[in-house]
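Working notes, beginning with the structure itself.
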Amino acid sequence: MAPTTANKELRSSENLVVKDPFFGFLRRKVTAKQILPVMTGQVNPFNKTSFSAAYKSILDSRKKLPVFGQKHEFYEMYSNNQVLIMVGETGSGKTTQIPQFVVYSDLPHTKGKIVACAQPRRVAAMSVAKRVAEEMDVSLGKEVGYTIRFEDMTDPGTTFLKYMTDGMLLREAMNDPLLQRYSTIILDEAHERTLATDILMGLLKSVIKKRPDLKLIVMSATLDALKFQKYFGRDSDNLAPLFKVPGRTHPVEVFYTQEPEQDFVESAIRTVLMIHRAEEPGDILLFLTGEEQIEDACRKIKLEADDLLNQDPDLVGPLTCYPLYSSLPPQQQQRIFDKAPSPRTPNGPPGRKVVVSTNIAETSLTIDGIVYVVDPGFSKQKVYNPRIRVESLTEQPISKASAQQRAGRAGRTRPGKCFRLYTEEAFMKELEEQSHPEILRCNLANTVLELLQLGIKDLVHFDYIDAPAPETLMRALELLHYLAALDDEGHITPLGSLMASFPTDPQLAKMLIVSPEFKCSNEVLSIAAMLSVPNVWLRPPNQRREADAAKALLTVPDGDHLTLLNVYNNYMQNAHIKNWTWDNYLSARALSQADNVRTQLLRIMERNDLDLVSIDDEKKLYNGIKQALVCGFFMQVAHKEGEQGSYLTVKDNQVVALHPSCGLDVQPEWVLFNEFAFTTRYYIRTVTSIKPQWLLEHAPTYYELGSFQDGGMKRALRALEQRRVVSGGGGGRKAKKQKKFA
DNA sequence: GAGCACTGC
């Protein structure tokens, strides 16, 4: 596209003719030399008002960022390339500065376009947008804004620099596959390889060929740059150009153990106390894997540190220990930012703060003042087994990249030390270079539907940066086919398109779409929302009995899905009662999130003319809800085998047990479950009793008896079918439904 | 009679 000259002049409010600061700028051929006088000038070129005093002082600090010194190089590469890979370590200023640099050259406002910067996390999108609005001396939500789920802080027509979550950009692509509103797209933190970032990279690789006017910048930490350069290169000999900026962190000295450790928790506690006794002042960050482990370690560290303090008050100072994990209430999460305790006596040894954290402190949360990192080398990671369709969380060794990231947490304010509780040999030989990208570790039903909706027909040959296991794709296609989201040729059906408009798993979308037919969409909406948020039940270690009793009061014995509905309804009715959630051992955060999700789903229902309906008769209502559940989750059904309380999942024939948290008062012959998880054994969680005739009626293809192995389940279904033939039941309503989406 | 690492629409 030919570069254009910005408006020559403009009229100020006093009607005086002043020169546009961008006068003479050739769009996308702008040089660093041209920009500096505009940045340091008197008039903000984007809103034509005078720069504030704050702007100038912020600009002085921006000038000290490593990336600022390389402006010239950046503009040269930006002008001459459509795609750019940028590598910048922590503290380089890439997330705040690069999008601003782009805007000065791309001049999106002169073309009615937007520069987007996609982030993996909501908080980052929000806080960076706020910071950049300050740096550019404009109001947040005007020229600079952000878009995340449930919150759009942009002003259409005004906003030309937009921070957003990667998932949000992917959703937008579903309505606008060429992403026409954007002139430059920046993918930040690409090395994290979230599912959304990976899919976006695949899409954008083909979009840039169809849109020569679209520029793309992929920003990442050092390690994966070559992979991205190859992926976005024109061919195998042509790497995409790399723009590299050094970080601004302090050196971290790394120590290894001489021998492998047997019990990493115990050895971690010992190491923390060793640091406390023997090392210079400075806070400690210890990485462990889960809530229980962390709480336990905190207790032990506190006890031992108190002992040390009492034995040797002249040698060691006081110590405070804070746990950190995502399900911790925000108020308690905030405590990690408290200062280390003061010395017990005016001239006594200084105090020390210890934070014991999950992976959340590796990427999402930064704690300044950390000087020592203790890294046992493990984290919990999600694994998906497509053969039996089960996701599980298991403790696994971290990757080298992760270990490096963890070590870096010690050098944010001054030189630090990292104690790795494994041998150097193990680090070199046993740890993988990179953690597996998410796309290789999860169920892809949702993603496959999104890709189909985006018009990608050949999912197997889609240009993934790392291709998922074929079996995972097959499982996803199979599920979507059974849900009638795909036809026999694998094309998306009108029902499938409708399902894709819901930001949920396809099973939930299907359940929502059919719910008006069963006169229970009002209730199914609440259930879908509750199934989309984290666990609402709290169970503090020392109040388990009280928590279980509170839960029993809200339990509907017929099924956990109905219990969730009951909890949501009670929550809404009692919203005015202070402490209601707390008194009932429920998570206020998860419940308010559920309410947000419900509102969003409701809007999508309305937009698609799906009615909000309900009936008064509770028994009929519950049966309607269960049938809607069956329409979405007929593949997640188990049949009771024998009297020992064990169940067999339908078709996969996995032996499973009802999870102990299940609220059913009896063990029904047929149950539908939301989740199949492997922990100490195979469990099904969130379980509701159903009638088997609904399976035959609402999912006849899946319950075609020829596809079943011989056994109790098949016998039960056959007996049922024979009875149906005799009585001539079923059929009618189903035929009508199929016609609707044909 | 057990557990939910972390994101995201």
Side-chain angles (χ1 to χ4, degrees), chain A residues 118-125 147-152 164-175 189 192-200 287-296 324-328 357-365 378-383 391-396 398 402 405 435 437-439 441-442 446-447 449-450 453 499-506 508-509 528-529 532-541 544-545 547-548 587 590 593 596-597 600-601 603-604 645 657-663 675 677-686:
Chain A
Q119 300 285 325
R121 279 171 294 278
R122 299 161 52 100
V123 250
T147 304
I148 58 180
R149 189 184 189 183
F150 308 129
E151 203 181 341
D152 184 9
M164 64 204 302
T165 46
D166 50 10
M168 204 69 213
L169 186 57
L170 188 57
R171 275 275 139 189
E172 285 189 6
M174 288 172 62
N175 296 320
E189 315 287 2
E192 289 192 25
R193 304 292 306 277
T194 65
L195 191 50
T197 297
D198 264 28
I199 299 297
L200 281 168
F287 286 100
L288 291 179
T289 66
E291 174 177 343
E292 203 176 302
Q293 204 178 62
I294 286 169
E295 293 288 356
D296 202 42
L324 177 63
Y325 42 87
S326 77
S327 60
L328 202 66
S357 171
T358 60
N359 255 1
I360 193 171
E362 198 180 299
T363 47
S364 308
L365 265 169
F378 288 91
S379 70
K380 278 196 190 174
Q381 286 165 41
K382 191 159 69 183
V383 192
E391 277 182 354
S392 53
L393 266 180
T394 54
E395 215 164 60
Q396 285 168 34
I398 60 172
S402 251
Q405 178 77 10
S435 314
E438 195 182 0
I439 196 167
R441 295 186 285 114
C442 64
N446 219 342
T447 305
L449 186 62
E450 281 169 2
Q453 178 68 11
M499 284 164 65
S501 64
F502 287 90
T504 62
D505 282 342
L508 279 179
S532 307
V533 301
N535 188 6
V536 296
W537 310 102
L538 299 178
R539 213 164 174 248
R544 290 196 177 157
R545 209 178 306 160
D548 289 350
S587 160
Q593 221 177 319
N596 267 332
V597 174
Q600 187 190 26
L601 297 178
R603 281 204 202 107
I604 298 169
L658 299 183
H659 191 269
S661 65
C662 171
E675 203 183 345
F678 177 70
T679 53
T680 50
R681 54 191 289 199
Y682 288 105
Y683 282 112
I684 49 178
R685 221 176 333 201
T686 312

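The sequence lines fix the lettering, A, B, ..., with proteins before strands; numbering per chain opens at 1. In this text the structure is predicted, and so the values were computed from the model without any measurement.
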Tell me the interatomic distance from [X], atom [atom1], to [N], atom [atom2], rounded to whole angstroms.
X: A/Gln293; N: B/dA5; atom1: CD; atom2: C1'; value: 11 Å
X: A/Arg545; N: B/dA2; atom1: CZ; atom2: P; value: 18 Å
X: A/Met174; N: B/dC9; atom1: CE; atom2: P; value: 14 Å
X: A/Tyr325; N: B/dT7; atom1: OH; atom2: C1'; value: 19 Å
X: A/Met499; N: B/dC9; atom1: CE; atom2: C1'; value: 15 Å
X: A/Arg171; N: B/dC9; atom1: CZ; atom2: C1'; value: 5 Å
X: A/Leu169; N: B/dT7; atom1: CG; atom2: P; value: 20 Å
X: A/Leu328; N: B/dC4; atom1: CG; atom2: P; value: 17 Å

Taking only residues two or more places apart in sequence, or in another chain, which ones meet A/Glu395 in a side-chain hydrogen bond (donor to acceptor under 3.5 Å, both in side chains)?
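With neighbours one apart ignored, the set is A/Thr289, A/Gln293.
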
side-chain contact (heavy atoms from CB on, under 4.5 Å) partners of A/Thr363, counting only residues at least two apart
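By the side-chain contact (heavy atoms from CB on, under 4.5 Å) rule, A/Thr363 matches A/Arg121, A/Glu192.
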
Closest to the [X] side chain: [options]?
X: A/Ile360; options: B/dA5, B/dC9, B/dT7; answer: B/dT7
X: A/Arg122; options: B/dA2, B/dC9, B/dC4; answer: B/dC9
X: A/Thr165; options: B/dT7, B/dA5, B/dG8; answer: B/dG8
X: A/Arg121; options: B/dT7, B/dG1, B/dA5; answer: B/dT7

Phosphate OP1/OP2 of [N]: any [X] side-chain N/O under 4.0 Å:
X: A/Arg441; N: B/dC6; result: no
X: A/Arg685; N: B/dC4; result: yes
X: A/Ser326; N: B/dC6; result: yes

Reading DNA chain B from 5' onward, which residue's closest nucleotide shows up sooner: A/Asn535 or A/Pro120?
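Final value for this comparison: A/Asn535.
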
For a side-chain contact (heavy atoms from CB on, under 4.5 Å) check, start with the C-alpha distance between A/Gln600 and A/Arg149, then their side-chain angles and the critical distance, and finish with the verdict.
CA-CA 9 Å; A/Gln600 187 190 26; A/Arg149 189 184 189 183; 2.6 Å; yes

Looking across every strand, which nucleic acid part, if any, lies under 4.0 Å from [X] by heavy atom: base, sugar-phosphate, or nothing?
X: A/Thr194; result: nothing
X: A/Phe502; result: nothing
X: A/Arg544; result: base
X: A/Thr363; result: nothing
X: A/Gln381; result: nothing

Any chance you could measure A/Ile439, atom CD1, to A/Ile199, atom CD1, to the nearest 0.5 Å?
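Those atoms lie 4.0 Å apart.
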
Kindly compute the distance separating CG (A/Asp198) from CZ (A/Arg193), expressed to the nearest 0.5 Å.
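These two atoms lie 4.0 Å from each other.
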
